[in-house]
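Input: a single structure, listed below in structure tokens.
Here, residue 1 is the first one in the sequence, and each next residue gets the next number.
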Amino acid sequence: MKFSIVITTYNRLHWLKRAIDSALNQTIPCEVVVADDCSSDETEQYIKSLGNSVVYHRNQVNKGHSATVNAGVQQASGDWIKFLDDDDYLAPNCIAEMTRAIALCPGAVICSCIAAQVDSHETEISRTPKIGPGLAFYIPQADIHYGMLLELIPFGTPVQVACSRDAFWQTHGWDSQLDANCDDIDSWIRIAEFGDAVFLNQCLAYRTIWAGAYNHKFSFSRRLDTNILIKEKIYALVDAKHRSHLPTLQNIKNYLKLHWILAALKQRNFQSFLLMLDKTIFSPKAWQILLTSILLRHFHFCHFYLRKIILIKS
């Protein structure tokens, strides 16, 4: 099994150097690909100074995040692709641990792990939660979309995720219409149609929280609209065995609206809060889905709802 780490970048050389170092310093050898969305800073000169240690692709014009991911994967030769944005970085044993777990699950097409959220000084702010038993476990394909719908198995952002290169191209890559606004989650949904998932309850990735991050470009209302679109896609793919106990799509939409109303309030974005505020906050079903999701994740009860098999015990 060969891994390619695909790093996407655009005018962030300061961050990019750290991302590249984390990829080159993995404990097992892997290919490192940098896909540059036509940066106007010194990115090209720096990458070329690294010689053959990095595969470099540069868009001739700015094409956006999704198209740049696709271009990077096109250049990669690995069986598995590890995604990495330029402002994030990996633990040295990330690829080794993923390789170990994936080898125990031949049907896997997607793999994720815990990530630490760090500030611009690399001080840890928080971590994504453990979401199942053991250090590594797998979820059969028939359970994945149900788990994604109720957020029992969030794959997370690109820094957390790797996938089979073949499965990636079976889905025709990332959708530029969602550029940097759930384009990653949309991809995970489609990749999960082709096989099982592997999760590692190990912190192997670091996501930088700062004002220049891609997701900060979008308003709460736009994120809500995209979230609804994503949930509609997942809903249509939930396996028949879960249909009898599935919330209605309208209740899912109400839950999403409640989530983003509360998110705006938590971040003291009162303009967005007032803009989105409506009778959804009085919906018992929306509150039930929200609270159930929180409880299941917090107390690790999701194994009662999804059939998970431990690959590597604690």
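Two residues are said to be in side-chain contact when any heavy atoms from C-beta on lie closer than 4.5 Å; Gln288 and Tyr255 fail this criterion. The closest side-chain heavy-atom distance from Leu16 to Ile47 is below 4.5 Å. Side-chain contact check for Val69 versus Val6: every heavy-atom pair is 4.5 Å or farther apart. Between Asn201 and Phe137 the shortest side-chain heavy-atom distance falls below 4.5 Å. Contact check for Gln117 versus Thr128: side-chain heavy atoms found under the 4.5 Å cut-off. Side-chain contact between Ile144 and Ile153 is present, with at least one heavy-atom pair separated by less than 4.5 Å. By the 4.5 Å heavy-atom criterion applied to side chains, Ile230 and Asp186 are counted as neighbours. Between Tyr235 and Leu149, the closest side-chain pair of non-hydrogen atoms falls below 4.5 Å.
By the neighbour-count criterion of 12 heavy atoms within 6.0 Å, atom CZ of Arg18 is densely surrounded, having more than that number from other residues, nucleotides or ligands. Heavy atoms from other residues, nucleotides or ligands lying under 6.0 Å from CD of Glu42 number 12 at most. Atom CZ of Arg268 has 12 or fewer neighbouring heavy atoms from other residues, nucleotides or ligands inside a 6.0 Å radius. No more than 12 heavy atoms of other residues, nucleotides or ligands lie within 6.0 Å of NZ in Lys63, so this atom counts as exposed by the packing criterion. Other residues, nucleotides and ligands contribute over 12 non-hydrogen atoms within 6.0 Å of the CD atom of Glu122. Counting non-hydrogen atoms of other residues, nucleotides and ligands closer than 6.0 Å to CD of Gln45 gives a total above 12.
Under the 4.5 Å side-chain heavy-atom criterion for Ile, Leu, Val, Met, Phe, Trp and Tyr, Ile289 and Ile234 are members of the same hydrophobic cluster. With hydrophobic clusters built from ILVMFWY side chains whose heavy atoms lie under 4.5 angstrom apart, Leu275 does not share a cluster with Phe282. Tracing side-chain contacts under 4.5 Å through hydrophobic residues (I, L, V, M, F, W, Y), one reaches Leu104 starting from Leu204; they form part of the same cluster. A continuous path of hydrophobic side-chain contacts links Leu224 to Trp287 [ILVMFWY only; heavy atoms under 4.5 Å]. Under a hydrophobic clustering in which Ile, Leu, Val, Met, Phe, Trp and Tyr are joined whenever their side-chain heavy atoms come within less than 4.5 Å, directly or via other members, Leu152 and Ile131 fall into the same cluster.
Here the straight-line distance linking atom CD of Gln202 with atom CD1 of Ile312 works out to 6.5 Å at 0.5 Å rounding. Residue Ile5 holds its CD1 atom at 4.0 Å from CD1 of Ile95, rounded to the nearest 0.5 Å. Distance check, rounded to the nearest 0.5 Å: CD1 of Ile102 to OG of Ser164 gives 9.0 Å. For the atom pair CE of Met98 and CG of Asn93, the computed distance is 10.5 Å after rounding to the nearest 0.5 Å. With rounding to the nearest 0.5 angstrom, the OG atom of Ser120 is 11.0 Å from the CG atom of Asp87. For the atom pair CG of Leu229 and CG of Leu256, the computed distance is 11.0 Å after rounding to the nearest 0.5 Å.
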Asp166/Phe194 under side chain to side chain contact (heavy atoms under 4.5 Å, CB included): CA gap, chis, key distance, verdict: CA-CA 10 Å; Asp166 287 344; Phe194 295 96; over 6 Å; no

Side chain to side chain contact (heavy atoms under 4.5 Å, CB included) evaluation trace for Lys285 with Thr248: CA-CA 10 Å; Lys285 286 292 186 181; Thr248 66; over 6 Å; no

Asp41/Arg12 under salt bridge (Lys or Arg N to Asp or Glu O under 4.0 Å): CA gap, chis, key distance, verdict: CA-CA 8 Å; Asp41 60 8; Arg12 295 187 191 171; over 6 Å; no

CA sep, side-chain torsions, deciding dist, call: Val159, Leu90, side chain to side chain contact (heavy atoms under 4.5 Å, CB included): CA-CA 7 Å; Val159 71; Leu90 305 175; 4.0 Å; yes

Test log, rule side chain to side chain contact (heavy atoms under 4.5 Å, CB included), inputs Leu237 and Met148: CA-CA 10 Å; Leu237 294 171; Met148 292 185 76; over 6 Å; no

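We find that Glu193 and Arg190 are not joined by a salt bridge, their nearest charged nitrogen and carboxylate oxygen being 4.0 Å or further apart. Here Asp85 does not pair with Arg207 in a salt bridge; the nearest charged N to carboxylate O distance is not below 4.0 Å.
Remark: the backbone N or O of Pro92 is not paired with any side-chain donor or acceptor of Asn25 at under 3.5 angstrom. In this structure, Thr123 contributes its side chain and Asp119 its backbone to no donor-acceptor pair below 3.5 Å. Checking side-chain atoms of Arg243 against main-chain N and O of Val238 turns up a donor-acceptor pair under 3.5 Å. The backbone N or O of Asp86 sits nowhere less than 3.5 Å from a side-chain atom of Thr9 that would complete a donor-acceptor pair. With hydrogens and angles disregarded, a donor-acceptor distance shorter than 3.5 Å links the side chain of Asn62 to the backbone of Asp37. Remark: the backbone N or O of Leu84 is not paired with any side-chain donor or acceptor of Asp88 at under 3.5 angstrom. The backbone N or O of Ala108 lies less than 3.5 Å from no partner atom in the side chain of Gln141, so there is not a single donor-acceptor pair. Between the side chain of Ser49 and the backbone N or O of Tyr46, at least one donor-acceptor pair lies under 3.5 Å. Judged by distance alone, with hydrogens and angles left aside, the side-chain atoms of Asp239 form no donor-acceptor pair with the main-chain N or O of His145 at under 3.5 Å. In this structure, Gln75 contributes its side chain and Tyr56 its backbone to no donor-acceptor pair below 3.5 Å.
Between Phe168 and Phe83, the two ring planes are tilted [angle within 30° to 60°]. Using a 30° and 60° split on the angle between ring planes, His242 and His245 fall in the perpendicular class, above 60°. Aromatic ring pairs are classed by plane angle as parallel below 30°, tilted from 30° to 60° and perpendicular above 60°; the pair Trp80 and Phe3 is tilted.
There is a side-chain donor-acceptor pair under 3.5 Å between Asn254 and Gln250. Inspection of the Thr43 and Asp36 side chains reveals no N or O donor paired with an N or O acceptor under 3.5 Å.
Annotation for Ser112 and Val161: closest pair OG-CG2, 4.0 Å, computed over non-hydrogen atoms. The heavy-atom pair separating Phe273 from Ala264 by the smallest distance is N-CB, 3.8 Å. Contact between Ile185 and Gly156 at its shortest, heavy atoms only, is CD1-O, 3.6 Å. Residue Lys82 comes nearest to Cys94 through the heavy atom pair CE-SG, 4.0 Å, listed as atom of the first residue, atom of the second, then distance. The two residues Ser53 and Val32 have their closest heavy-atom pair at O-CB, 4.2 Å. Residues Lys2 and Glu31 come closest through the heavy atom pair CE-CB, 4.0 Å.
Shown here are the salt bridge (Lys or Arg N to Asp or Glu O under 4.0 Å) partners of Asp175, two or more places apart in sequence or in another chain: there are none.
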